[in-house]
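Numbers here are sequence positions counted from 1. Hydrogens, waters and symmetry mates play no part in the numbers below; they use all other heavy atoms, side chains included.
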Amino acid sequence: MKLWPTGGLWRQPNFVRLWSAETVSQFGTQFTQLALPLVAIDVLHVSAFQVAALTVVEFLPFLLVSLPAGVWVDRLRRRPILIIGDLSRAALLASVPVAYWFGALAMPQLYVVGFLVGIATVFFDVAYQSYLPSIVERQQLIDGNAKLEISRAAAQLGGPGLAGIVIDFLRAPAALAFDAVSFVGSALFIFRIRKEEQPPTRDSASPRMREELGEGLRYVLGHPFLKNIAACTALFNFFGMVGTAVLLVFARRELHLSPLAIGLAFTVSNVGPLLAAFNANSISSRLGVGRTIILSSVIGGPMFVLLPFAPEGNAALAWLVPVFVVGGIANVIYNVTQVSLRQAITPERIQGRMNSVMRFIVWGTIPLGGLIGGALASEIGLKKTLIVSGIGCCLPFLTVLFSPVRDIKEMPEPVFDEAAAVLGPLVADAGPIATERVGS
């Protein structure tokens, strides 16, 4: 097992800057993922339903603006979108500790910040996944996505523990200031990417937004690989969010874990996902692309079933950490493999719309799952809600098992883009043909 990735991508300055931006941003994001709901729980003392509603609001933009975001990402240069997305999130998150220090913080502000940060994240994520294929070669996509996943896993390894310490000593709002600074740092790294990016050529004959949206939807929903991967990821995200929306409330109010203990649990458990990110490329090469996607989707579900049976107090850590480790390993391998497959089979000119449609489908189920999770917790209790979530998470693998995905052995070769050949100059500047569980 390799302890550190090697390869030509580390010698490509533009990729290293993109990787550095993702690393800095991910570390800051760990603070927000723990701090924002804890602001609601510990500072504003709201109900479990209101905490779940905050999760719904954060993910609602993926349902509302993902599709038009994909069109704009395909119409515009992607690097400026990334920079604006980072700076917008920095300003929005910084408003929370400022309001807290002035004694004016309330739930409506958290809902507004969560929603607007979600919009900025939609544009950033669609542009980010569409930008990578223009920086690396097709055969380097799995390696590139794996290295970028290392950023996420490393941040998850160190971020929650540090966030827990900051929250314990300075309270949750102060931790959001760290995330605001991290987004500024990420924007600076992206600003330094030097690869020239030509805007797509458009004229009076260019398709209207409705037509471009339709092309993206038809491409994903008609593709034998993409539609089944979308179904698997969407179902897992829905049932997973039913439990995730109330997990922190369960940990604080029924397991009686402190913010420091919760941060420690997330920190220690992310050793597994970090190792998975280092080795995702070799795993998919040995097992085959299709088998890797199916196997990782099978493993993730049972881990959610185990969550509600954790003992109370600090003994819960010995239960939760192994569950998080195994579930995280499966999630990382699944995401790296399926995202790389999507990028590999999709023409460059439609990357933005493909990613936005996938995000619309696979993240669009998250608000609904969060809302149902909050409602169930109010009616049947936190533990039973987590059990319902776990059972549901064991089913989505069937959508890829009984599909053409299981027969994919190697990353497919680039496809011939018939539309590009017909449109000619309209897509001449789009570049060569290159080619969501949560975070896909």
Side-chain angles (χ1 to χ4, degrees), residues 33 37 48-49 51-60 62-63 66 226-251 254-255 266 269 272-273 292-310 316 319-320 322-335 337-338 358-403 405-406 436-440:
Q33 288 179 349
F49 181 81
V51 176
L54 180 59
T55 302
V56 172
V57 167
E58 289 181 89
F59 285 100
L60 196 58
F62 288 90
L63 187 61
S66 282
L226 297 181
K227 66 181 181 181
N228 287 289
I229 290 173
C232 177
T233 313
L235 287 172
F236 190 92
N237 282 351
F238 170 76
F239 286 110
M241 188 51 61
V242 169
T244 301
V246 298
L247 182 58
L248 276 178
V249 183
F250 178 74
E254 295 202 9
L255 301 183
F266 285 125
S269 65
T292 300
I293 291 174
I294 293 170
L295 182 60
S296 56
S297 65
V298 169
I299 294 173
M303 298 303 103
F304 274 83
V305 177
L306 297 174
L307 287 176
F309 300 102
W319 183 277
L320 295 177
V323 170
F324 289 155
V325 166
V326 177
I329 288 174
N331 194 48
V332 167
I333 293 174
Y334 177 87
N335 281 333
T337 308
Q338 63 94 2
M358 291 294 292
R359 281 298 173 103
F360 173 78
I361 296 172
V362 307
W363 284 49
T365 59
I366 291 176
L368 181 59
L371 191 62
I372 290 177
L376 281 178
S378 299
E379 292 295 324
I380 65 176
L382 294 167
K383 184 172 182 177
K384 290 182 179 178
T385 299
L386 289 171
I387 292 174
V388 171
S389 168
I391 294 173
C393 286
C394 292
L395 304 176
F397 80 94
L398 295 172
T399 60
V400 286
L401 177 63
F402 297 106
S403 78
V405 172
R406 69 175 182 268
E436 80 72 355
R437 279 125 50 141
V438 172
S440 308

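In this structure, the side chains of Ile229 and Val405 come closer than 4.5 Å at one or more pairs of heavy atoms. Within the 4.5 Å cutoff, side-chain heavy atoms of Phe49 are placed close to those of Leu371. Counting only heavy atoms from C-beta outward, the side chains of Ile366 and Phe238 never approach each other to under 4.5 Å.
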Side-chain donor-acceptor contacts of residues 389-400 below 3.5 Å, not counting sequence neighbours, with atom names and distances?
from   : atom 1 : to     : atom 2 : distance (Å)
Ser389 : OG     : Phe239 : O      : 2.6
Ser389 : OG     : Gly243 : N      : 3.3
Thr399 : OG1    : Cys232 : N      : 3.2
Thr399 : OG1    : Pro396 : O      : 2.8

Per-pair distances, 0.1 Å, donor-acceptor, side chain in residues 375-384, under 3.5 Å, sequence neighbours excluded:
from   : atom 1 : to     : atom 2 : distance (Å)
Ser378 : OG     : Gly374 : O      : 3.1

Derivation of the side chain to side chain donor-acceptor pair (under 3.5 Å) call for Thr292 and Tyr334: CA-CA 7 Å; Thr292 300; Tyr334 177 87; over 6 Å; no

Side chain to side chain contact (heavy atoms under 4.5 Å, CB included) for Ile387 and Phe309? Distances and angles first, verdict last. CA-CA 9 Å; Ile387 292 174; Phe309 300 102; 3.9 Å; yes

Using side chain to side chain contact (heavy atoms under 4.5 Å, CB included), reason through Phe304 and Val323 one step at a time and then give a plain yes or no. CA-CA 8 Å; Phe304 274 83; Val323 170; over 6 Å; no

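Rounded to the nearest 0.5 Å, atoms CG (Leu401) and OG (Ser297) are 8.0 Å apart. Distance NZ/Lys227 to CE/Met358: 13.0 Å, rounded to 0.5 Å. Atoms CG and OG1, from Leu247 and Thr385 in turn, are 11.5 Å apart once rounded to the nearest 0.5 Å.
The two atoms that bring Met241 and Gly370 nearest to each other are CG-N, 3.5 Å, heavy atoms only. Nearest heavy atom pair, residue Ala234 against residue Thr365, reads O-OG1, 2.9 Å. The shortest non-hydrogen separation linking Ile294 to Arg406 is CD1-CB, 3.3 Å. Between Val246 and Gly373 the shortest heavy-atom distance is CG1-O, 3.8 Å. Closest of all the heavy-atom pairs between Leu386 and Pro308 is CB-CB, 3.6 Å.
Remark: side-chain polar atoms of Trp319 are paired, donor with acceptor, to backbone N or O of Leu306 under 3.5 angstrom. A donor-acceptor distance shorter than 3.5 angstrom exists from the side chain of Asn237 to the backbone of Val362, with no hydrogens or angles considered.
Under the side chain to side chain contact (heavy atoms under 4.5 Å, CB included) criterion, Leu255 pairs with Phe250, Leu257, Ala310, Ala316, Leu320, not counting sequence neighbours. For Leu295, the side chain to side chain contact (heavy atoms under 4.5 Å, CB included) test picks out Leu287, Ile299, with sequence neighbours left out. Under the ring-ring contact (aromatic ring centres under 6.0 Å, His included) criterion, Phe360 pairs with no residue, sequence neighbours left out.
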